[in-house]
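Just so you know, these numbers come straight off a predicted model, no measurement behind them. So that the names make sense, note that chain A is the first sequence line, chain B the second, and so on, each numbered from 1.
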2 protein chains.
Amino acid sequence: MLTGDTTMELTDRQREVLRAIIQDYILSAEPVGSRSVARKYGFRMSPATIRNIMADLADLGYLVQPHTSAGRVPTDLGYRFYVDSLIERPSLTRAEESRIEKRFRPVWGKGEDLMREVTKLLSGLSRSVGVVLAPRVDQVAIKRIEFVHLSAERILVILITKSGQVDHRVVTLDEVISQDELNKTAKLLNSLVEGMPLSRVREFLVEKMAEEKAMYDALLRRALEVGHKSFVGPTEGEVYIDGTTNMMRQPEFADIEKMRLIFVAFEEKSKLVKILDQCLAQEGLTTIIGSENILREWQRLSLVTAPYWCGDDLLGTLGVIGPTRMEYGKIIPLVDFTAKLFSQYLTEEAS
Amino acid sequence: MLTGDTTMELTDRQREVLRAIIQDYILSAEPVGSRSVARKYGFRMSPATIRNIMADLADLGYLVQPHTSAGRVPTDLGYRFYVDSLIERPSLTRAEESRIEKRFRPVWGKGEDLMREVTKLLSGLSRSVGVVLAPRVDQVAIKRIEFVHLSAERILVILITKSGQVDHRVVTLDEVISQDELNKTAKLLNSLVEGMPLSRVREFLVEKMAEEKAMYDALLRRALEVGHKSFVGPTEGEVYIDGTTNMMRQPEFADIEKMRLIFVAFEEKSKLVKILDQCLAQEGLTTIIGSENILREWQRLSLVTAPYWCGDDLLGTLGVIGPTRMEYGKIIPLVDFTAKLFSQYLTEEAS
DNA sequence: ACTTAGCACTCTCATCCTAAGAGTGCTAAC
DNA sequence: GTTAGCACTCTTAGGATGAGAGTGCTAAGT
């Protein structure tokens with residue numbers, strides 16, 4: 001996966017030809033021949049010369065032939081090199097940016113739908129699959145906790161984060177508690193944990209409970225217990241996905257069984273969460289190309305992701321999934337810009 | 001679509017043959033010939049006799065031939081007649097029911113995930129697409145309203161229904177209100193509207209505002225205004241869907257473009273909501289077969305749905321979507337039973 | 001009058017063949 | 001180092017063919 005060495009080994013001409021081939025293939029989805037490279041890209045070389053270069057590039061592992069005497073197709077390594085060193089248009093034009101902003105603006109302030117709309121935006125503009133990994137409720141500072149009495153022993157716990165997310169869960173308690181008592185409990189608990197992320201709250205409650213072994217204060221004791229009960233168990237990352245049907249347009253997925261396996265993986269969100277979590281750890285724009293993906297079903301797909309923030313808090317990841325033959329030149333800046341825009345919005349919101 | 005008349009015109013033998021053909025086709029997905037009907041179903045008739053009967057059934061519109069001299073395939077009318085008058089096994093066996101109950105049980109009490117899990121259950125057991133139309137927040141009695149201060153003029157409105165659903169939205173107010181004032185406002189509003197469905201609340205607030213034109217009570221005035229602002233705008237029905245990939249296994253969707261159109265409709269949930277809303281109006285188990293569907297993209301699909309309740313309140317619909325060639329004999333009782341089980345659970349919960 | 005055997009006929013589908021086309025690698029000349 | 005020329009390979013589209021499945025009709029049987 002390290003290509004830093006080989007970079008030096010390529011001559012300018014080789015790089016030009018490789019770029020031409022990859023760009024052509026991205027658009028046509030068909031093996032590229034020496035003839036069309038010579039013609040379309042106006043090199044001052046004959047097809048024969050280009051054939052020699054292509055043979056070299058194939059030896060280096062950047063290209064393959066689907067069968068003897070067909071045109072060349074980029075390998076995953078080829079795409080990787082393209083993305084790392086050859087790509088053109090590393091950023092959007094001002095016009096494109098304002099077009100995205102315009103589409104983004106009306107979505108603002110729509111609460112929960114926000115994530116869904118950003119996902120749609122990504123899939124729409126990329127004509128691929130858009131994904132957004134929503135902020136883990138554990139990681140974001142809590143603004144408020146509410147308890148609502150449901151039945152004798154069951155209460156509804158509502159969590160509101162500083163970023164405006166709302167999460168809720170039903171908890172069964174051992175004892176019967178009235179709504180009035182619940183309110184008091186909530187008030188106390190709020191004063192204790194406000195501003196902490198949930199992950200911290202869990203530790204905090206355990207510490208506090210140990211500390212206050214004597215438990216003179218009945219209210220405090222109950223607050224700690226109820227809080228503890230409410231917040232155990234991991235919160236799973238939620239992921240939004242849209243535009244999966246765009247994938248069906250791609251000629252590489254004419255085989256319906258291949259298609260099905262990919263869609264099964266889309267449906268099983270937990271796998272997607274796992275991969276996006278990995279991207280989150282990278283703390284920057286990440287590209288996963290084809291076989292670099294740990295998920296076998298997706299080794300014909302590529303992923304471009306970027307994290308988004310609320311102030312200094314890393315919240316989640318958003319990105320685009322498409323065939324390895326995706327338009328990296330357009331999609332990378334799109335994802336990058338969208339993540340920045342989204343971060344900016346969230347940061348402004350929270351203030 | 002009315003088949004009541006023609007029912008009488010069919011002889012017992014014709015009915016038997018039609019049933020055999022449809023059942024065979026449901027399993028094989030291939031045109032059924034006279035020969036195999038005679039063989040597999042052990043009628044004491046020769047293929048020639050059956051051919052005559054099949055010709056009659058084709059004349060009546062229950063069967064068609066994909067091409068001259070191929071076997072017969074049921075029409076939508078044929079399926080309709082099958083479902084209305086021929087179907088075997090109108091209910092599940094005790095063993096099957098307890099198997100469903102067993103799968104259903106561990107899901108209980110998981111709050112929001114409940115809907116998602118029921119959807120999975122439906123798709124898993126039917127090996128088709130499961131759908132659940134979640135209760136409209138408008139229609140269900142409200143248990144509690146909360147306001148949380150987000151930024152200067154923006155507040156988060158949280159609605160909790162008696163059935164334990166939680167809905168939230170962000171509202172921008174004209175004036176700055178502190179959290180403390182918000183709490184008072186919420187308390188007042190709760191006392192006014194508790195137990196009403198949201199649809200009623202909207203009317204109520206308008207009435208009340210008109211009534212109290214003088215508006216002596218500043219707190220009441222503000223409560224009404226904030227409430228009004230919070231609850232305008234229709235709440236859209238949410239729909240859960242799972243198992244879409246099962247559709248890709250069906251031989252009738254080998255054509256990827258047909259497939260794509262169906263999936264686009266899955267992705268656009270609003271259309272699905274529209275159809276399920278229609279089913280809801282029927283107040284009983286509903287089957288929509290092929291061309292009976294108003295959605296053109298889905299005219300090769302069938303839908304089996306049943307409403308679910310919380311006590312006497314009609315909450316939503318759940319069901320299964322599959323190819324017209326679906327196993328109605330299994331899926332109808334499955335949907336029916338699942339809806340009853342779900343209703344029973346929700347009713348017990350609410351008490 | 002209903003049933004059935006027999007038969008000619010139709011239509012699909014898989015298989016095979018062929019020719020065209022695109023592209024390569026190699027060699028030899030520039 | 002570059003390029004024209006050429007033989008070779010491999011895919012693909014377009015017929016042609018024959019087997020197989022199934023029908024509808026007719027005439028004989030019950």
Side-chain angles (χ1 to χ4, degrees), chain A residues 9-18 20-25 27-75 78 251-252 254-255, chain B residues 9-18 20-25 27-75 78 251-252 254-255:
Chain A
E9 293 172 13
L10 288 195
T11 65
D12 280 356
R13 249 185 17 184
Q14 284 175 317
R15 296 164 60 95
E16 288 305 315
V17 171
L18 183 55
I21 291 172
I22 292 182
Q23 286 181 351
D24 196 76
Y25 184 71
L27 293 181
S28 71
E30 265 163 27
V32 185
S34 55
R35 200 186 166 69
S36 55
V37 174
R39 191 162 22 82
K40 284 188 208 160
Y41 295 86
F43 294 132
R44 297 191 327 269
M45 296 175 274
S46 75
T49 312
I50 290 173
R51 274 206 290 281
N52 288 330
I53 298 173
M54 283 165 80
D56 293 344
L57 290 169
D59 285 344
L60 289 168
Y62 296 129
L63 299 174
V64 278
Q65 293 173 284
H67 45 264
T68 335
S69 102
R72 295 304 206 298
V73 166
T75 60
E252 37 263 85
D255 177 355
Chain B
E9 293 172 11
L10 287 194
T11 66
D12 279 357
R13 249 184 17 181
Q14 284 175 315
R15 296 165 59 95
E16 288 305 316
V17 170
L18 183 55
I21 291 172
I22 293 182
Q23 285 179 352
D24 196 77
Y25 184 71
L27 294 181
S28 72
E30 267 163 24
V32 185
S34 55
R35 200 186 166 70
S36 54
V37 175
R39 191 159 25 79
K40 285 187 205 159
Y41 295 85
F43 294 132
R44 297 191 329 268
M45 295 175 273
S46 77
T49 311
I50 289 172
R51 275 206 289 280
N52 289 331
I53 298 172
M54 282 165 80
D56 293 345
L57 290 170
D59 285 344
L60 289 167
Y62 296 129
L63 300 175
V64 279
Q65 293 174 283
H67 44 263
T68 337
S69 100
R72 295 305 205 296
V73 165
T75 60
E252 38 264 84
D255 177 355

Next on the checklist: Please pick, from dC11(C), dA4(D), dT11(D), the nucleotide with the shortest atom-to-atom distance to any side-chain atom of His67(B).
Outcome noted: dC11(C)
Checklist entry - Looking only at heavy atoms, what is the nearest atom pair of Ile21(A) and Arg72(A), with distance? => result CG2-O, 4.3 Å
Checklist entry - Nearest to the side chain of Met54(A) - dA4(D), dT24(C), dT2(D)? => result dT24(C)
Item to check | Nearest-neighbour nucleotide for the Thr49(A) side chain, dC11(C), dT2(D), dT4(C) considered | outcome: dT2(D)
Next on the checklist: Starting the side chain at C-beta, find the nucleotide from dT23(D), dC10(D), dT3(D) nearest to Thr68(A).
Outcome noted: dC10(D)
Checklist entry - Of the nucleotides dT4(C), dT3(D), dT24(C), which has the atom closest to the Ser34(A) side chain? => result dT24(C)
Next on the checklist: If you assign each of Met45(B) and Ser69(B) to its closest nucleotide in DNA chain C, which residue comes earlier from the 5' end?
Outcome noted: Met45(B)
Checklist outcome for this item: Between Arg51(B) and Ser36(A), whichever has its closest DNA chain C nucleotide further toward 5' is Arg51(B)
Checklist entry - Could you give the distance from CG (Leu60(A)) to CG (Leu18(A)), rounded to the nearest 0.5 Å? => result 9.5 Å
Next on the checklist: Can you tell me which nucleotide in dT24(C), dA4(D), dT12(C) comes closest to the side chain of Arg72(A)?
Outcome noted: dT24(C)
Checklist outcome for this item: Taken to the nearest whole Å, CG/Leu63(B) to P/dG22(D) is 15 Å
Using a 3.5 Å cut-off and no angle test, enumerate the donor-acceptor pairs between side-chain atoms of residues 30-39 of chain A and protein atoms at least two apart in sequence or in another chain.
{"residue": "Ser34(A)", "atom": "OG", "partner": "Arg51(A)", "partner atom": "NH1", "Å": "3.3"}
{"residue": "Ser36(A)", "atom": "OG", "partner": "Gly33(A)", "partner atom": "O", "Å": "3.0"}

Next on the checklist: Without decimals, in angstroms, what is the distance between Ile50(B) CD1 and dA21(D) P?
Outcome noted: 18 Å
Checklist entry - Nearest-Å distance, CD1 (Ile21(A)) to C1' (dG23(C))? => result 13 Å
Checklist entry - Between dT26(D) atom C1' and Asn52(B) atom CG, what is the distance in whole Å? => result 12 Å
Checklist entry - Do Arg13(A) and Thr49(A) come close enough that some side-chain heavy atom pair is under 4.5 Å? => result yes
Checklist outcome for this item: When rounded to whole Å, the CD1 to P distance for the pair Ile53(B) and dC2(C) reads 12 Å
Checklist outcome for this item: Gln65(B) atom CD is separated from dT12(C) atom C1', nearest whole Å, by 14 Å
Item to check | Whole-Å gap separating P (dC2(C)) and CZ (Arg44(B)) | outcome: 17 Å
Checklist outcome for this item: Rounded to whole Å, CZ of Arg13(A) lies from C1' of dT3(D) at a distance of 12 Å
Next on the checklist: Quiz question: going by heavy-atom distance under 3.5 Å, is there a donor-acceptor pair between the base of dG22(D) and the side chain of Arg35(B)?
Outcome noted: no
Checklist entry - Around atom CG of Asp59(A), are there more than 12 heavy atoms of other residues, nucleotides or ligands at under 6.0 Å? => result yes
